[in-house]
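Because the structure is predicted, anything quoted here is derived from the model rather than measured. To find a chain, count down the sequence lines: A is the first, B the second, and so on, and within it residues start at 1.
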Amino acid sequence: MLIKSRKFSDLKDVFPRKFSSLTTLCPSSSPITKSPFPPSRDDVAAIADLIEKQHWSKLKLLHVKDINNPNELFHQLISSNLDPELCLRYYTWLIANIRNTSLSLELTFNLLHSLANAKKYSKIRSFLDGFVKKRSDHPIHSIFHAISLCDNLCVNSILADMLVLAYANNLRLESALEAFKRAGYYGYKLSALSCKPLMVALLNEKRFADVEFVYKEMIRRRIQPNVFTFNVVINSFCKKGKMEKAKDVMEDMKVYGTSPNVVSYNTLIDGYCKLGGVGKMYKADAVLKEMVESSKVSPNLTTFNILIDGFWKDGNYSGSMKVFREMLEQDVKPNVVTYNSLINGLCSGGKVSEATCMHDEMVSAGVEPNLVTYNSLINGFCKNGMMKEALDMFASLKGRGIVPTAKTYNMLIDAYCKSGKVEDGFGLKEEMEREGIVANVETYNCLIGGLCRNGNIEGAKKLFDQLSGKGLPDLVTYHILMDGYCSRGESRKAAMILKEGISKMGLKPRHLTYNILMEGYCKEGNLKGAANVRVQMEKERRLRMNVASYNVLLQGYSQKGKMEDANRLLNEMLEKGLIPNRITYEIVKAEMVDKGFVPDIQGHLFNVSTKS
DNA sequence: CTAGGGTTAG
């Protein structure tokens, strides 16, 4: 089918010269002469023949010597009922082999229209994929204009749909969204096939509002969503913590003739598990009940894994075990994720030996431990002062051919440093580098912290200076080093280092940064110094005093017996509406209440939470 | 389309 293109309406003006005879196409039989255009029907056929037989060298010669406007020739080829696949092959060859060839958007989409008419959809898909990868300089509106030059709405919709898909697959989200919008303006109907990858890509970038926009547009434009698209939208709302909206989508599904499946329910249950606050597991449980009883959807391995992880993270390990037993009863086989969650729960609860048992249990159940398993166990051992066990686990990980990561090493290095064995920490760092694993800023932070704790601030500073050369130190590095100086009574030095970091590294200090300094000055009894830090923090960085900052100053003033100042600070903090925490109360109680400076006002003033 | 882990400062 021929596609009308305005640009080529008057070909006579474009091709002033006459094309030569067929013989020019065959360099072996006669020498090539500069040939005029346009090509005759026979010439086009001859070129088509060359393309079909893949006589690329002859074509190349022709292009170099005779053809000075590939756009025009290409237009002729497309218009000559030549098989669109051959045109595509020629197009691809042309772009790759003839220097400075750029075929116009109009021609490009002319070709795609022919391909679409021939229903060569997979060819279009891969073409567009390459198109958005390489030729990224075309504005979307031009592309849509090129699409619109054909008046077959159905074909245009297919092209627009595949374009959106190509952008989404290549994570060019702005372009994908713009194409999605323009398709709407042009009245092209997209499909769930391209909307789903678009929403998935948006969700991966946490662009929840955009996911919602696409979803609403789909409904408005009457693009029929399927279970998968609905599930992505549900997931998006869940990840944003908007559980009510997620449930609304579950209802939408029913309106559109689909029902929630096990993935929909799992997503919703996981949403509740990851929600903060009390009673979330109760809600997760309620969804489970609804799923099983009302919707007759059976929980699967993922359902159980979500719940097991949810319960221990809610501080309810026995809840996890209950779910675990339940899944065994229902003959759902636990996998490595199941065991890793259980092991993690045990490790974080300090029950390291039980975690080891669970590891043995998983092995005897025929489930292979993976890096996650080992890292959890190693971390558990490290945090509980069981260095030997941690190293044993590390050895068996390597023995099984699992490649540790920098984080695996960092846990061990940190454990060494925290137990005063900084040298061993450095030894491990060398080992990791020998194995080709790059020591990262966290590695150095552990080591610098270890040196500071060992009183080797000079060594720490030296290592820090090496990092500065590489632009590696981050805010945490500064905190560690500053803390090191402060605890030696050298808060001024710490302040100097911070100042340098701000000006040379573009460091962005936070409350903690200044709190470290204020605490340092307070401990030196230099309340003026501490007050200056506060001024600096509020003026230069526009950070307002938070509860932690007040706690530092309260401690400093009250310990120096400056009770009036301490009292003033306390009132100031309360007037600002800041809610004192447990640490505040402990300071006030020990320094002010017990010494008779203020009455014990815990009852009505302090909202003392059990967490710090 | 849904599930798991790990490092530094606090």
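Neither OP1 nor OP2 of B/dT7 sits under 4.0 Å from any side-chain N or O of A/K429. Checking the phosphate oxygens (OP1, OP2) of B/dC1, a side-chain nitrogen or oxygen of A/K196 falls inside 4.0 Å. Between A/K239 and the phosphate of B/dA3, there is a side-chain N or O to OP1/OP2 separation shorter than 4.0 Å. The side chain of A/K383 contributes an N or O atom lying less than 4.0 Å from OP1 or OP2 of B/dT7. Between A/K313 and B/dG5 there is a side-chain polar atom (N or O) within less than 4.0 angstrom of OP1 or OP2.
Side-chain proximity of A/M411 to B/dG6, B/dT2, B/dC1: nearest is B/dG6. Taking every side-chain heavy atom of A/V372 into account, B/dG4 is the closest of B/dC1, B/dG4, B/dT8. Comparing atom distances between the A/N445 side chain and each of B/dG4, B/dT8, B/dA9 picks out B/dT8 as nearest. Side-chain atoms of A/N266 lie closest to B/dT2 of the nucleotides B/dC1, B/dG5, B/dT2. Ranking B/dC1, B/dA9, B/dG4 by closeness to the A/V200 side chain, first place goes to B/dC1. In this structure, the nucleotide among B/dT2, B/dA9, B/dT7 sitting nearest to the side chain of A/E442 is B/dT7. Nearest nucleotide to the side chain of A/N410, out of B/dG4, B/dT8, B/dT7: B/dT7. Distances from the side chain of A/T405 to the nucleotides B/dG6, B/dG4, B/dT7 place B/dG6 closest. For A/I480, taking side-chain heavy atoms from C-beta onward, the closest of the listed nucleotides B/dT7, B/dG4, B/dT8 is B/dT8.
The distance from atom NE2 of A/H479 to atom P of B/dA9 is 12 Å, rounded to the nearest whole Å. Between the CD1 atom of A/I413 and the P atom of B/dG6 there is a distance of 18 Å, rounded to whole Å. Distance A/M362 CE to B/dG5 P: 14 Å, rounded to the nearest Å. Rounded to an integer number of Å, the gap from CD1 of A/I306 to C1' of B/dC1 is 12 Å. What separates CD1 of A/I378 from C1' of B/dT7 is a distance of 12 Å, to the nearest Å. At whole-Å resolution of the value, CG in A/D474 and P in B/dT7 are 15 Å apart. For A/N335 and B/dG5, the CG to C1' distance is 14 Å, given to the nearest whole Å. A straight line from CG of A/L203 to C1' of B/dT2 spans 11 Å, rounded to a whole angstrom.
Counting any heavy atom pair closer than 4.0 Å across all strands shown, A/V233 reaches no nucleic acid atom. Residue contacts for A/N370: at a heavy-atom cut-off of 4.0 Å it reaches a base atom on one of the strands shown.
Remark: A/E329 does not engage A/R325 in a salt bridge, criterion side-chain N to carboxylate O under 4.0 Å. A salt bridge is defined here as a Lys NZ or Arg NE, NH1 or NH2 lying under 4.0 Å from an Asp or Glu carboxylate O, and A/E326 with A/K322 fails to meet this definition. Between A/E290 and A/K283 no salt bridge is recorded (no basic side-chain N to carboxylate O distance below 4.0 Å).
For the pair A/Y521/A/R534, no side-chain contact is recorded, criterion being any heavy-atom separation below 4.5 Å from C-beta on.
The aromatic rings of A/F230 and A/Y256 lie tilted to each other, with the angle between the two planes from 30° to 60°.
For A/F464 and A/Y478, the ring centers sit closer than 6.0 Å to each other.
For B/dG6, its base never sits under 3.5 Å from the side chain of A/N379 at any donor and acceptor pair.
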